[in-house]
2 protein chains.
Amino acid sequence: MLDPLDDSYYMKKALQEAVLAYEKEEVPIGAIIVVADRVIARAHNLTELLNDVTAHAEMQAITAAANFLGGKYLKECTLYVTLEPCQMCAGALYWSQIKKIVYGAVDEKRGCGTMGTKLHPKTEIVGGVLEEECKELLTRFFIEKRSAN
Amino acid sequence: MLDPLDDSYYMKKALQEAVLAYEKEEVPIGAIIVVADRVIARAHNLTELLNDVTAHAEMQAITAAANFLGGKYLKECTLYVTLEPCQMCAGALYWSQIKKIVYGAVDEKRGCGTMGTKLHPKTEIVGGVLEEECKELLTRFFIEKRSAN
């Protein structure tokens, strides 16, 4: 039987966050954090609006989830993010000791895989969930941005 | 002639921030950001108080400096930090395109050097400024913490 709450189900919620970023003319990346089938944090990239390179979706989601849980470790949590985390976000996830990271599109240029960022030994990482949808939104954003300039 | 505003001068200010962290029973790490001989951001580690792994001194300083400047890039800025930045902070500094990073003590276990984190090609990095003072404060903190447990 199909699990109705599988990785695609949660990645769709991360994609909804990415759409919110897109609507604000931010690079469309969204993230959610789930524990025991419950979404405890939702965030989208706000680097332009906040003028802050640290305002990636994952960073905000980590802070929000820790706030919700009342503790800084996310050992039982799964992060769903539409693009492979960068060095900064993977570094933050390292400190959080998160259980699992699920990402959509690969970031071949600046993703933690290419950059060789170390994750916590207990963290599992899975990529390619709803990859096409996640990638398509990013591609559309950059095409529109280029044609506007 | 000695420059009164040399790296040691600014590292002392970062150390003052580290002492503030120490007094709050946080891992004593402090950071400041300087542009054109002016300190535009001061911060110290607050991960325990805020229950947030992202609340490293450098991350807060980056956000504060960008806020001061009204733009997210720190291309003309220098960060002084008492301990070598971790993957997360070095990753944030990569995005900020900061001009220069000056750190005190080396973090042989989790510093960006050991971890192989990439900095922006335009960023210069210098270590070992007031190394002993920076290290001594950290050593004292961990000895006291161990004896309290």
Side-chain angles (χ1 to χ4, degrees), chain A residues 26-27 29 31 33 41 43 45-75 77 79 84-98 107 109-121 123, chain B residues 26-27 29 31 33 41 43 45-75 77 79 84-98 107 109-121 123:
Chain A
E26 296 277 353
V27 178
I29 301 164
I33 291 178
N45 177 38
L46 286 174
T47 49
E48 296 304 318
L49 192 73
L50 299 180
N51 258 336
D52 187 347
V53 296
T54 76
H56 283 192
E58 301 96 309
M59 301 299 282
Q60 296 174 70
I62 292 166
T63 298
N67 192 43
F68 176 87
L69 294 171
K72 63 181 179 162
Y73 297 115
L74 308 178
K75 293 182 185 181
C77 299
L79 170 87
E84 183 187 357
C86 72
Q87 298 187 116
M88 170 180 71
C89 295
L93 292 162
Y94 172 97
W95 290 122
S96 80
Q97 302 185 24
I98 199 159
D107 185 349
K109 206 171 161 195
R110 286 166 173 169
C112 57
T114 300
M115 296 299 239
T117 317
K118 276 83 177 170
L119 295 171
H120 192 274
T123 301
Chain B
E26 297 278 352
V27 178
I29 301 165
I33 291 179
N45 177 39
L46 285 174
T47 49
E48 296 304 318
L49 192 73
L50 299 180
N51 258 337
D52 187 348
V53 297
T54 76
H56 283 192
E58 301 95 310
M59 300 300 281
Q60 297 175 70
I62 291 166
T63 299
N67 192 43
F68 177 87
L69 294 170
K72 64 181 177 162
Y73 297 116
L74 308 178
K75 293 181 186 183
C77 299
L79 169 87
E84 184 187 357
C86 72
Q87 297 188 117
M88 170 180 70
C89 295
L93 291 162
Y94 172 96
W95 290 121
S96 79
Q97 302 185 23
I98 199 159
D107 184 349
K109 205 169 161 196
R110 287 165 173 170
C112 56
T114 301
M115 296 298 240
T117 317
K118 275 83 175 171
L119 295 172
H120 192 275
T123 301

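Keep in mind it's a predicted model, so treat the numbers as computed, not measured. No hydrogens, no waters, no symmetry mates; every other heavy atom, side chains included, goes into these values. In the text below, chain A, chain B and the rest are named by the order of the sequence lines, each starting its count at 1.
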Note to self: Using only non-hydrogen atoms and a strict under-4.5 angstrom cutoff, which residues of residues 68-75 of chain B touch chain A?
What the structure shows: B/G70, B/G71, B/K72

Checklist line | Selection residues 49-61 of chain B - residue pairs positive for salt bridge (Lys or Arg N to Asp or Glu O under 4.0 Å), sequence neighbours left out | finding: none

Margin query: Once rounded to the nearest 0.5 Å, what's the spacing between atom CD of A/Q60 and atom OG1 of B/T54?
Written below: 10.0 Å

Check: For the candidates B/A92, B/A66, B/A65, which exhibits the highest count of non-hydrogen atom pairs separated by less than 4.5 Å from chain A?
Finding: B/A92

Next item on the list: Could you tell me whether a side-chain N or O of A/Q87 sits under 3.5 Å from a main-chain N or O of B/Q87, the two making a donor and an acceptor?
Entry: no

Check: Heavy atoms, side chains only, cut-off 4.5 Å: are B/M88 and A/Y94 in contact?
Finding: no

Margin query: Working note: A/I62 + B/V53, criterion side-chain contact (heavy atoms from CB on, under 4.5 Å); need CA distance, chi angles, decisive distance, verdict.
Written below: CA-CA 8 Å; A/I62 292 166; B/V53 297; 3.9 Å; yes

Margin query: Tell me which of these, A/A90, A/C86, A/C89, has more heavy-atom pairs under 4.5 Å with chain B than the rest.
Written below: A/C86

